[in-house]
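One structure is given here, and the rest of the page talks about it.
Ligands are counted one by one from 1 in listed order, and the atoms in each one are counted from 1 as well.
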Amino acid sequence: RAKSAGGNRFELADAEADARAITRHGLTTALPTALERGEFFIEYQPLVHLGDGSVRGAEALVRWLHPQHGVLGPDRFIPLAEHTGLIVPLGRWVLEQSVRQARDWRERHAASAGTPLRINVNLSPCQLTHPGLVQDTVEILQAAGVAPDALCLEVTESALIGADDALLKPLRRLADMGVDIALDDFGTGYSNLANLRRLPVSILKLDRSFTQSMQRFPADPVDLKIVEGIVSLAHSLDLAVTVEGVETGAQAEQLRILGCDTAQGWYYARPGPPDRLHELALADATG
Ligand code: C2E
Ligand code: MG
Ligand code: MG
Ligand code: MG
(Lines give C-alpha, C1' and ligand atoms only; values in the text may rest on other atoms or scores of the structure.)
(Ligands and ions follow the chains in the order given, each with its own letter.)
Protein backbone atom coordinates (compact mmCIF):
# COMPACT_ATOMS: atom_id res chain seq x y z
CA ARG A 1 0.00 0.00 0.00
CA ALA A 2 1.35 3.37 -1.04
CA LYS A 3 2.16 5.75 1.78
CA SER A 4 0.21 8.96 1.97
CA ALA A 5 1.91 12.22 1.08
CA GLY A 6 1.44 13.26 4.70
CA GLY A 7 3.46 10.27 5.90
CA ASN A 8 6.32 11.20 3.60
CA ARG A 9 6.29 14.74 4.86
CA PHE A 10 6.59 13.49 8.41
CA GLU A 11 9.50 11.27 7.48
CA LEU A 12 11.21 14.22 5.86
CA ALA A 13 10.59 16.39 8.92
CA ASP A 14 12.01 13.63 11.13
CA ALA A 15 15.08 13.32 8.92
CA GLU A 16 15.65 17.09 9.13
CA ALA A 17 15.22 17.07 12.90
CA ASP A 18 17.72 14.20 13.11
CA ALA A 19 20.18 16.06 10.90
CA ARG A 20 19.85 19.17 13.06
CA ALA A 21 20.39 17.17 16.24
CA ILE A 22 23.47 15.50 14.72
CA THR A 23 24.87 18.90 13.69
CA ARG A 24 24.18 20.32 17.16
CA HIS A 25 25.96 17.40 18.73
CA GLY A 26 28.90 17.76 16.32
CA LEU A 27 29.16 21.50 16.93
CA THR A 28 29.00 21.04 20.69
CA THR A 29 31.85 18.54 20.75
CA ALA A 30 33.91 20.68 18.32
CA LEU A 31 33.60 23.89 20.39
CA PRO A 32 36.59 23.44 22.77
CA THR A 33 39.06 22.61 19.97
CA ALA A 34 37.63 25.45 17.88
CA LEU A 35 38.70 27.88 20.58
CA GLU A 36 42.18 26.31 20.78
CA ARG A 37 42.56 26.35 16.99
CA GLY A 38 41.52 29.96 16.66
CA GLU A 39 38.41 29.31 14.55
CA PHE A 40 36.45 32.15 16.17
CA PHE A 41 36.63 35.69 14.91
CA ILE A 42 34.90 38.94 15.73
CA GLU A 43 33.03 41.37 13.50
CA TYR A 44 32.37 44.93 14.61
CA GLN A 45 29.24 46.92 13.88
CA PRO A 46 29.34 50.71 14.29
CA LEU A 47 27.27 52.57 16.86
CA VAL A 48 26.24 55.90 15.41
CA HIS A 49 25.12 59.06 17.18
CA LEU A 50 21.64 59.89 15.86
CA GLY A 51 22.06 63.61 16.35
CA ASP A 52 25.17 64.16 14.22
CA GLY A 53 25.71 60.79 12.49
CA SER A 54 29.21 60.31 13.94
CA VAL A 55 30.59 56.84 14.72
CA ARG A 56 30.92 56.51 18.50
CA GLY A 57 32.07 52.93 18.78
CA ALA A 58 31.13 49.40 17.83
CA GLU A 59 29.52 46.23 19.10
CA ALA A 60 31.66 43.08 18.98
CA LEU A 61 29.79 40.13 17.44
CA VAL A 62 31.47 36.73 17.48
CA ARG A 63 31.47 34.27 14.55
CA TRP A 64 32.84 30.76 14.05
CA LEU A 65 34.69 29.87 10.87
CA HIS A 66 33.89 26.16 10.97
CA PRO A 67 36.15 24.01 8.77
CA GLN A 68 33.17 22.12 7.26
CA HIS A 69 30.15 24.39 7.72
CA GLY A 70 31.70 27.75 6.87
CA VAL A 71 30.88 30.88 8.88
CA LEU A 72 28.35 30.24 11.65
CA GLY A 73 26.52 33.06 13.45
CA PRO A 74 26.35 33.25 17.24
CA ASP A 75 22.75 32.01 17.33
CA ARG A 76 24.07 28.65 16.07
CA PHE A 77 26.71 28.12 18.78
CA ILE A 78 26.33 30.52 21.73
CA PRO A 79 23.45 28.48 23.21
CA LEU A 80 25.62 25.34 22.90
CA ALA A 81 28.59 27.11 24.51
CA GLU A 82 26.31 28.26 27.34
CA HIS A 83 25.07 24.73 27.84
CA THR A 84 28.59 23.26 28.12
CA GLY A 85 30.18 26.14 30.03
CA LEU A 86 32.59 26.93 27.19
CA ILE A 87 30.97 30.37 27.07
CA VAL A 88 33.17 31.44 30.00
CA PRO A 89 36.55 31.03 28.22
CA LEU A 90 34.98 32.00 24.86
CA GLY A 91 33.43 35.13 26.37
CA ARG A 92 36.73 36.03 28.03
CA TRP A 93 38.48 35.64 24.65
CA VAL A 94 35.92 37.91 22.96
CA LEU A 95 36.34 40.52 25.69
CA GLU A 96 40.14 40.43 25.47
CA GLN A 97 40.19 40.69 21.66
CA SER A 98 37.61 43.47 21.63
CA VAL A 99 39.33 45.54 24.29
CA ARG A 100 42.66 45.24 22.45
CA GLN A 101 40.89 46.25 19.25
CA ALA A 102 39.44 49.30 20.98
CA ARG A 103 42.93 50.28 22.16
CA ASP A 104 44.18 49.97 18.57
CA TRP A 105 41.36 52.16 17.20
CA ARG A 106 41.86 54.73 19.93
CA GLU A 107 45.59 54.93 19.24
CA ARG A 108 45.04 55.30 15.51
CA HIS A 109 42.42 57.97 16.16
CA ALA A 110 44.30 59.90 18.80
CA ALA A 111 45.18 62.61 16.28
CA SER A 112 41.65 63.04 14.90
CA ALA A 113 39.04 65.37 16.32
CA GLY A 114 36.41 62.68 16.89
CA THR A 115 35.32 61.33 20.30
CA PRO A 116 37.35 58.29 21.44
CA LEU A 117 35.75 55.09 20.14
CA ARG A 118 34.07 52.77 22.60
CA ILE A 119 33.55 49.02 22.51
CA ASN A 120 30.39 47.06 23.37
CA VAL A 121 30.71 43.40 24.31
CA ASN A 122 27.85 40.95 24.96
CA LEU A 123 27.82 39.01 28.22
CA SER A 124 25.90 35.79 28.61
CA PRO A 125 24.06 35.06 31.89
CA CYS A 126 26.58 32.27 32.63
CA GLN A 127 29.38 34.83 32.63
CA LEU A 128 27.46 36.94 35.13
CA THR A 129 27.35 34.13 37.66
CA HIS A 130 30.98 33.18 37.07
CA PRO A 131 33.09 34.42 40.02
CA GLY A 132 36.01 35.59 37.84
CA LEU A 133 34.06 38.19 35.86
CA VAL A 134 35.13 41.36 37.66
CA GLN A 135 38.77 40.39 38.06
CA ASP A 136 39.07 39.14 34.46
CA THR A 137 37.59 42.37 33.18
CA VAL A 138 39.89 44.53 35.29
CA GLU A 139 42.93 42.53 34.18
CA ILE A 140 41.97 42.68 30.52
CA LEU A 141 41.47 46.45 30.66
CA GLN A 142 44.73 47.01 32.54
CA ALA A 143 46.76 44.74 30.27
CA ALA A 144 45.49 46.64 27.23
CA GLY A 145 45.82 50.04 28.89
CA VAL A 146 42.19 50.86 28.18
CA ALA A 147 40.11 52.99 30.55
CA PRO A 148 36.99 51.30 31.96
CA ASP A 149 34.76 54.01 30.47
CA ALA A 150 35.74 52.82 26.98
CA LEU A 151 33.90 49.56 27.64
CA CYS A 152 30.19 48.78 27.62
CA LEU A 153 28.97 45.33 28.63
CA GLU A 154 25.61 44.29 27.16
CA VAL A 155 23.36 42.06 29.22
CA THR A 156 19.92 41.05 27.99
CA GLU A 157 16.88 42.27 29.81
CA SER A 158 15.71 38.67 30.24
CA ALA A 159 18.97 37.75 32.02
CA LEU A 160 18.28 40.38 34.68
CA ILE A 161 14.58 39.81 35.25
CA GLY A 162 14.16 38.94 38.87
CA ALA A 163 17.93 39.19 39.37
CA ASP A 164 18.91 38.99 43.03
CA ASP A 165 21.67 40.98 44.68
CA ALA A 166 24.24 38.22 44.19
CA LEU A 167 23.78 38.52 40.42
CA LEU A 168 23.78 42.31 40.42
CA LYS A 169 26.84 42.71 42.66
CA PRO A 170 29.51 42.06 39.98
CA LEU A 171 27.68 44.38 37.57
CA ARG A 172 27.51 47.05 40.25
CA ARG A 173 31.25 46.77 40.89
CA LEU A 174 31.97 47.10 37.19
CA ALA A 175 29.61 50.07 36.91
CA ASP A 176 31.31 51.73 39.91
CA MET A 177 34.63 51.37 38.08
CA GLY A 178 33.18 53.26 35.13
CA VAL A 179 32.21 50.39 32.82
CA ASP A 180 28.83 51.05 31.17
CA ILE A 181 26.21 48.34 31.45
CA ALA A 182 23.59 48.20 28.71
CA LEU A 183 20.28 46.38 28.90
CA ASP A 184 20.14 44.54 25.55
CA ASP A 185 16.97 43.62 23.63
CA PHE A 186 15.02 45.94 25.92
CA GLY A 187 11.24 45.82 25.64
CA THR A 188 10.94 42.09 24.98
CA GLY A 189 11.35 40.80 28.51
CA TYR A 190 8.27 42.18 30.28
CA SER A 191 10.39 43.55 33.09
CA ASN A 192 8.92 45.94 35.56
CA LEU A 193 9.94 49.43 34.49
CA ALA A 194 10.22 50.56 38.11
CA ASN A 195 12.78 47.77 38.48
CA LEU A 196 15.16 49.73 36.26
CA ARG A 197 16.11 51.93 39.19
CA ARG A 198 17.52 48.89 40.96
CA LEU A 199 19.79 47.87 38.08
CA PRO A 200 23.29 49.32 37.60
CA VAL A 201 22.59 50.06 33.93
CA SER A 202 23.28 53.30 32.08
CA ILE A 203 22.06 52.38 28.59
CA LEU A 204 18.88 50.81 27.23
CA LYS A 205 19.19 49.02 23.90
CA LEU A 206 15.73 49.06 22.44
CA ASP A 207 14.90 45.78 20.75
CA ARG A 208 14.82 45.47 16.97
CA SER A 209 11.09 44.76 17.01
CA PHE A 210 10.42 48.44 17.85
CA THR A 211 12.69 49.59 15.04
CA GLN A 212 10.87 47.25 12.66
CA SER A 213 7.56 48.80 13.47
CA MET A 214 8.98 52.25 12.50
CA GLN A 215 9.41 50.83 8.99
CA ARG A 216 5.72 51.16 8.21
CA PHE A 217 4.43 54.58 7.37
CA PRO A 218 2.65 55.83 9.30
CA ALA A 219 4.16 53.76 12.11
CA ASP A 220 1.80 51.98 14.49
CA PRO A 221 0.64 54.80 16.80
CA VAL A 222 0.76 52.53 19.82
CA ASP A 223 4.39 51.58 19.10
CA LEU A 224 5.23 55.27 18.66
CA LYS A 225 3.72 56.00 22.06
CA ILE A 226 5.58 53.08 23.66
CA VAL A 227 8.94 54.18 22.28
CA GLU A 228 8.24 57.78 23.25
CA GLY A 229 7.37 56.62 26.77
CA ILE A 230 10.46 54.40 27.10
CA VAL A 231 12.74 57.21 25.88
CA SER A 232 11.29 59.76 28.29
CA LEU A 233 11.43 57.34 31.22
CA ALA A 234 15.01 56.36 30.31
CA HIS A 235 16.14 59.97 30.05
CA SER A 236 14.47 60.89 33.33
CA LEU A 237 16.49 58.07 34.95
CA ASP A 238 19.68 59.34 33.23
CA LEU A 239 19.86 56.37 30.88
CA ALA A 240 20.87 56.72 27.24
CA VAL A 241 18.82 54.94 24.58
CA THR A 242 20.40 52.95 21.73
CA VAL A 243 18.28 51.43 18.98
CA GLU A 244 19.25 48.28 17.13
CA GLY A 245 18.29 46.96 13.70
CA VAL A 246 17.99 50.29 11.88
CA GLU A 247 17.73 49.33 8.20
CA THR A 248 16.37 52.48 6.55
CA GLY A 249 16.86 56.23 6.71
CA ALA A 250 13.16 56.65 7.52
CA GLN A 251 13.55 54.52 10.64
CA ALA A 252 16.64 56.46 11.70
CA GLU A 253 14.80 59.75 11.27
CA GLN A 254 11.72 58.57 13.17
CA LEU A 255 13.85 57.26 16.06
CA ARG A 256 15.88 60.45 16.15
CA ILE A 257 12.69 62.51 16.40
CA LEU A 258 11.51 60.23 19.21
CA GLY A 259 14.66 61.18 21.13
CA CYS A 260 16.80 58.04 20.83
CA ASP A 261 20.51 58.77 21.28
CA THR A 262 22.47 56.15 19.36
CA ALA A 263 21.68 53.71 16.56
CA GLN A 264 23.05 50.55 15.05
CA GLY A 265 21.97 48.68 11.94
CA TRP A 266 22.48 47.79 8.30
CA TYR A 267 21.47 51.30 7.25
CA TYR A 268 24.81 52.47 8.65
CA ALA A 269 26.90 49.33 8.22
CA ARG A 270 26.74 45.57 8.55
CA PRO A 271 29.05 43.94 11.07
CA GLY A 272 32.53 43.79 9.49
CA PRO A 273 36.28 43.50 10.04
CA PRO A 274 38.02 45.93 12.42
CA ASP A 275 39.68 47.94 9.66
CA ARG A 276 36.28 48.71 8.15
CA LEU A 277 35.19 50.30 11.44
CA HIS A 278 38.42 52.26 11.53
CA GLU A 279 37.80 53.60 8.00
CA LEU A 280 34.19 54.55 8.77
CA ALA A 281 35.17 56.38 11.93
CA LEU A 282 38.09 58.11 10.26
CA ALA A 283 36.02 59.17 7.24
CA ASP A 284 33.54 60.75 9.57
CA ALA A 285 36.06 62.44 11.84
CA THR A 286 37.75 64.09 8.86
CA GLY A 287 34.37 64.99 7.31
P1 C2E B 1 22.48 41.31 19.83
O2 C2E B 1 23.48 41.60 20.89
O3 C2E B 1 21.12 41.88 20.02
O4 C2E B 1 23.18 41.82 18.49
C5 C2E B 1 22.49 42.42 17.43
C6 C2E B 1 22.21 41.42 16.32
O7 C2E B 1 21.45 42.08 15.30
C8 C2E B 1 23.46 40.91 15.59
O9 C2E B 1 23.19 39.57 15.17
C10 C2E B 1 23.56 41.83 14.40
O11 C2E B 1 24.31 41.28 13.33
C12 C2E B 1 22.11 41.97 14.04
N13 C2E B 1 21.84 43.19 13.29
C14 C2E B 1 22.52 44.36 13.32
N15 C2E B 1 21.94 45.30 12.55
C16 C2E B 1 20.86 44.72 11.99
C17 C2E B 1 19.85 45.19 11.07
O18 C2E B 1 19.82 46.33 10.62
N19 C2E B 1 18.86 44.29 10.73
C20 C2E B 1 18.85 43.01 11.21
N21 C2E B 1 17.86 42.21 10.81
N22 C2E B 1 19.79 42.54 12.08
C23 C2E B 1 20.78 43.38 12.46
P24 C2E B 1 24.26 38.42 15.34
O25 C2E B 1 25.63 38.93 15.01
O26 C2E B 1 23.75 37.23 14.60
O27 C2E B 1 24.21 38.14 16.89
C28 C2E B 1 23.07 37.57 17.47
C29 C2E B 1 23.16 37.57 18.98
O30 C2E B 1 24.21 36.72 19.42
C31 C2E B 1 23.50 38.94 19.57
O32 C2E B 1 22.33 39.72 19.61
C33 C2E B 1 24.01 38.53 20.94
O34 C2E B 1 22.95 38.33 21.83
C35 C2E B 1 24.67 37.20 20.66
N36 C2E B 1 26.15 37.39 20.61
C37 C2E B 1 26.93 37.85 19.62
N38 C2E B 1 28.24 37.89 19.98
C39 C2E B 1 28.26 37.43 21.27
C40 C2E B 1 29.33 37.23 22.24
O41 C2E B 1 30.52 37.49 22.02
N42 C2E B 1 28.95 36.74 23.47
C43 C2E B 1 27.65 36.45 23.77
N44 C2E B 1 27.36 35.97 25.00
N45 C2E B 1 26.64 36.64 22.90
C46 C2E B 1 26.94 37.12 21.66
MG1 MG C 1 24.13 43.07 21.96
MG1 MG D 1 20.63 43.63 20.99
MG1 MG E 1 18.77 41.73 19.58
With respect to [atom], which of [options] exhibits the smallest heavy-atom separation?
atom                    : options                      : result
atom 1 (P) of ligand 1  : Asp184, Val246, Thr211       : Asp184
atom 15 (N) of ligand 1 : Glu247, Glu59, Glu244, Gln45 : Gln45
atom 17 (C) of ligand 1 : Tyr268, Trp266, Phe77, Trp93 : Trp266
atom 39 (C) of ligand 1 : Val62, Asp207, Asn120        : Val62
atom 46 (C) of ligand 1 : Asn122, Leu72, Thr156        : Asn122

Nearest non-hydrogen partners of [X] and [Y], listed with the distance:
X      : Y      : answer
Leu277 : Gly57  : CD2-O, 4.1 Å
Leu204 : Ala234 : CD1-CB, 3.9 Å
His109 : Ala281 : CE1-CB, 3.4 Å

Identified side-chain contact (heavy atoms from CB on, under 4.5 Å) counterpart of Leu183 within the set Thr156, Leu239, Leu196: Leu196
For the Mg ion (ligand 2), the closest N/O/S atom belonging to Glu154: OE1
N, O or S atom within Asp184 nearest to the Mg ion (ligand 2), by name: OD2
Under 4.0 Å to a heavy atom of Ser124 - the qualifying atoms of ligand 1, by number: 44 (N)
Enumerated ligand 1 atoms positioned under 4.0 Å from heavy atoms of Asp185: 3 (O)
Greater than 12 external heavy atoms within 6.0 Å of Tyr267's OH: no
Quiz item: cation-pi between Arg270 and Trp266, 6.0 Å / 45°: yes
The Mg ion (ligand 2) reached by Glu244 (N, O or S, under 2.8 Å): no
Glu82-ligand 1 polar pair, N/O distance under 3.5 Å: no
Plane angle bin for Trp64 and Phe77 - parallel if under 30°, tilted between 30 and 60°, otherwise perpendicular: perpendicular
